[in-house]
2 protein chains.
Amino acid sequence: MTRQHTENQDLFAIADLAKEFGISTRAIRFYEAKGLLSPERVGATRVFRRRDRARLILILRGKRLGFSLRDISDYLSLYDADRSQQVHLLVGKVEERLASLERQRDDLETTIAELREIRELAVAPPTRSRSQAAG
Amino acid sequence: MTRQHTENQDLFAIADLAKEFGISTRAIRFYEAKGLLSPERVGATRVFRRRDRARLILILRGKRLGFSLRDISDYLSLYDADRSQQVHLLVGKVEERLASLERQRDDLETTIAELREIRELAVAPPTRSRSQAAG
DNA sequence: CAACGGTTTGACGTTAACGTAAGCTCGTGA
DNA sequence: TCACGAGCTTACGTTAACGTCAAACCGTTG
């Protein structure tokens, strides 16, 4: 099950994914329990395919962005619904999320700019009153 | 204490700030307990100044960006330390945070792009095999 | 065959960020 | 004067996202 000698391009054990992404197997099982992943089973053992791996990548990115698993679940469903039905509702959700993300990006830009400013101030020698730094 | 008749430009009651930013007074007290705010007191009553209000704005932005109060606390300390001491350590922290935020921004760009793509696909009529959408 | 590593399902523990309720003080307007 | 609204502290409750055992089941390797 360590994938080394099975040489299979498309099948992953839970430990493979855990190691690859630096998370615990517990976390992966938790994501499954929450419906974010649905690996196949061979007996009782979970078997993950590329699709699950791809979803896991999206999950982790969502987490880096500060979203809850609930949010990420909704987000993943946008991928699942291959424009099959309830398109209006889907587009609505996407728009919502886009707006939220764009606002978040603005917050980020502002914060990054402020940090850069702080850095400049910190690096510059402590200017005293009307003095001027020499080139 | 409702600020209406005190007409003071620089003093805020806890309820003023709570209302202005749409959060609970409990949350504000919690931030104080965690050391993110340190309003003055008149008797037992908290009195906030512009400085506290400014910090609160930073706190809320940090939260929108998905940071923990612990993180935000560190972040606020970057503002406090007016390039007075331990500049290297300070710059180090700023660099760290900048890197993290820039990565987060990249994640955001990617996600936004993907959502836009999903939206296009959803809006476009369900293409069947080799057909082509008419202009 | 027995130990070992990997996997499974519980189930309880933990941390963060408040919510909520209780009980008390203080200033004020009818 | 007294009821009210606002504020305070203390303290227990709650949700999310796992961490951390515990107990048991393979498959294989020395």
For DNA chain D, determine which residues of residues 27-38 of chain A have any heavy atom closer than 4.0 angstrom to one of its atoms, and list them numerically.
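Of all residues in residues 27-38 of chain A, the ones placing a heavy atom under 4.0 Å from DNA chain D are Ala27(A), Phe30(A), Tyr31(A).
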Qualifying residues under salt bridge (charged side-chain N to carboxylate O under 4.0 Å, His left out), relative to [X], sequence neighbours excluded:
X	answer
Arg29(B)	none
Arg26(B)	none
Glu114(A)	Arg61(B)

For residues 98-106 of chain B, which side-chain donor-acceptor pairs fall under 3.5 Å, sequence neighbours excluded?
{"from": "Glu102(B)", "atom 1": "OE2", "to": "Arg116(A)", "atom 2": "NH2", "distance (Å)": "2.6"}
{"from": "Gln104(B)", "atom 1": "NE2", "to": "Leu65(B)", "atom 2": "O", "distance (Å)": "3.1"}
{"from": "Arg105(B)", "atom 1": "NH1", "to": "Glu109(A)", "atom 2": "OE1", "distance (Å)": "3.2"}

With Ser68(B) via side-chain contact (heavy atoms from CB on, under 4.5 Å) - residues at least two apart
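Listed in chain order: Arg70(B), Asp71(B).
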Arg51(B): partners by side-chain contact (heavy atoms from CB on, under 4.5 Å), with sequence neighbours left out:
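By the side-chain contact (heavy atoms from CB on, under 4.5 Å) rule, Arg51(B) matches Arg55(B), Asp80(B).
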For residues 53-77 of chain B, pull every pair meeting ring pair (Phe, Tyr, Trp, His ring centres under 6.0 Å), keeping only residues two or more places apart or in separate chains.
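Matches after skipping sequence neighbours: Tyr75(B)-Tyr79(B).
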Can you tell me if Thr45(B) touches the phosphate of dA6(D), counting only side-chain N or O atoms and a distance under 4.0 Å to OP1 or OP2?
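No, no such contact exists.
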Contact residues, residues 52-74 of chain A to DNA chain C [heavy atom, < 4.0 Å]:
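Hits under 4.0 Å, by residue number: none.
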How would you list, by chain and number, every residue that makes a side-chain hydrogen bond (donor to acceptor under 3.5 Å, both in side chains) with Asp107(B), sequence neighbours excluded?
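So Asp107(B) forms a side-chain hydrogen bond (donor to acceptor under 3.5 Å, both in side chains) with Arg64(A).
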Detail all sub-3.5 Å separations between protein N/O atoms and N/O atoms belonging to nucleotides 20-26 of chain C.
{"from": "dT20(C)", "atom 1": "O4", "to": "Arg26(B)", "atom 2": "NE", "distance (Å)": "3.0"}

Between dC18(D), dT9(C), dG19(C), which nucleotide gets closest to the side-chain atoms of Arg46(A)?
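In terms of side-chain proximity for Arg46(A), the closest of dC18(D), dT9(C), dG19(C) is dT9(C).
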